[in-house]
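Everything numeric in this text was worked out from a predicted model, so none of it was measured.
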Amino acid sequence: MRRCDLQTQQATRPCSHLATNEKTKAHAWETLEHPETTCPKRLRTTASMRSAILSPCTAPEPPRCRQRLPRSSSGLATMALVSADSRIAELLGELHQLIKQTQEERSRSEHNLVNIQKTHERMQTENKISPYYRTKLRGLYTTAKADAEAECNILRKALDKIAEIKSLLEERRIAAKIAGLYNDSEPPRKTMRRGVLMTLLQQSAMTLPLWIGKPGDRPPPLCGAIPAASDYVAKPGDKVAARVKAVDGDEQWILAEVVSYSHATNKYEVDDIDEEGKERHTLSRRRIIPLPQWKANPETDPEALFQKDQLVLALYPQTTCFYRALIHAPPQRPQDDYSVLFEDTSYADGYSPPLNVAQRYVVACKETKKK
């Protein structure tokens, strides 16, 4: 099945042409219900997929079953849903209190910062630094440092609460899937419009948490361009780049979700994000690349980003396929995307014009650079 609109003779190859002629483009537009997309293929999915894309996937998944589950299993899943809902409500209350504490701490620190500014203005007016001002400033700066550390600690606690809430939401999604996704009486899956799926993928990239380490901390694996450890095993629900065979026998890198991992065979089961629950692949570890779990901050951790001219695999805009590309420019601010040049032999230099791709969808390329 062709996965995107790269309709040339080499379209199903991972590093195929990315340009189409005007006739093909016109046909693609006619097949779409919404002009914001560039792929004529309509994607089928479920409500569980929509929540899966929006929430980080860090929670372990209960055992899956494609048959009708016993009533006892369904009951356990229902209990898990109720327990998750209760804990999420509790965490939201705690998060609300932490936000209030942050505002209180910030108001207190602002008063001290105003005193520091006034003290400096007096020193400039008198054009001298007396022992009195030195002592006063030393005390004010000590207080300001303590205030900043207190606010930082509260913010870190709030981030931990948010991470726990997201983890519970993922657990809830999987429990809901266990309870009824593969039930025999399930109605036919509805087709998700491509524009909706693309929006959800963009939102998933935007909500990827930013790594904020303490002074001296180094970014962890799966932060930005830092690869996973050699013994890392992606958890059920994690999004990955997976190398699969297409119907015509060619291979391509697709966006997929981990279903399970077998330590006995060292193989993953993954679901194609395009057709959740319909296209399932069993792949070896070398065919799986975990996606980043944190964005890297260019201002504090530039070493955790791909640099200009590095060869990568990047998710081509408006598709769910990864293609080879060169980094044209790394992000300059935490909220920025990469600017990449996709391989495209229809251009004289062999690369497309610069396109933006979020950090979440840019990974190291395991293949050698074409000459």
Item to complete: State whether the side chain of Asn153 and the backbone N or O of Ala150 hold a donor-acceptor pair below 3.5 Å, judged by distance alone.
Response: no
Worksheet item: Is it true that Glu90 and Arg87 make a salt bridge, defined as a side-chain N closer than 4.0 Å to a carboxylate O?
Response: yes
Worksheet item: In terms of side-chain heavy atoms, does Tyr323 have a donor or acceptor partner in Gln252 at a distance below 3.5 Å?
Response: no
Worksheet item: Which heavy-atom pair separates Ile273 from Glu257 by the least distance, and what is that distance?
Response: CD1-CB, 4.5 Å
Worksheet item: Which residue pairs pass the side chain to side chain donor-acceptor pair (under 3.5 Å) test when at least one of the two sits in residues 141-150, sequence neighbours left out?
Response: His120-Tyr141
Discussion item. Donor-acceptor pair, distance only, cut-off 3.5 Å: does the side chain of Gln332 make one with the backbone of Pro330?
Written reply: yes
Worksheet item: For the side chain of Arg156 and the backbone of Ile212, is there at least one donor-acceptor N/O pair under 3.5 Å apart?
Response: yes
Practice prompt. Give me the ring orientation class for Tyr338 and Phe306: parallel if the planes are under 30° apart, tilted from 30 to 60°, perpendicular past 60°.
Written response: tilted
Fill in: Stepwise ring-ring contact (aromatic ring centres under 6.0 Å, His included) test for Phe342 and Tyr351
CA-CA 5 Å; Phe342 285 96; Tyr351 292 96; 9.8 Å; no
Item to complete: Using a strict cut-off of less than 4.0 Å between a Lys/Arg side-chain nitrogen and an Asp/Glu carboxylate oxygen, indicate whether Arg108 and Glu105 qualify as a salt bridge.
Response: yes
Practice prompt. Specify the closest pair of heavy atoms between Trp211 and Gly213, including all atoms of both residues, with the distance to one decimal.
Written response: NE1-N, 3.7 Å
Fill in: Under 3.5 Å donor-acceptor, Lys308 side chain and His328 backbone
yes
Worksheet entry | Straight-line distance of Glu269 CD to Ser262 OG, nearest 0.5 Å | 9.0 Å
Discussion item. Could you check whether any side-chain heavy atom of Leu255 comes within less than 4.5 Å of a side-chain heavy atom of Leu291, counting everything from C-beta outward?
Written reply: yes
Discussion item. Any non-hydrogen side-chain atom of Leu222 less than 4.5 Å from a side-chain atom of Pro290?
Written reply: yes
Worksheet item: Does Asp301 use its side chain to pair, donor to acceptor, with the backbone of Glu303 at less than 3.5 Å?
Response: no
Worksheet entry | Worked verdict on Glu94 versus Lys157 for salt bridge (charged side-chain N to carboxylate O under 4.0 Å, His left out) | CA-CA 10 Å; Glu94 295 174 4; Lys157 289 180 181 179; over 6 Å; no
Worksheet item: Are Gln293 and Cys223 close enough that some pair of their side-chain heavy atoms sits under 4.5 Å apart?
Response: no
Discussion item. One thing to verify: whether Arg333 and Asp336 come together as a salt bridge, which I'm taking to mean a side-chain N less than 4.0 angstrom from a carboxylate O.
Written reply: yes
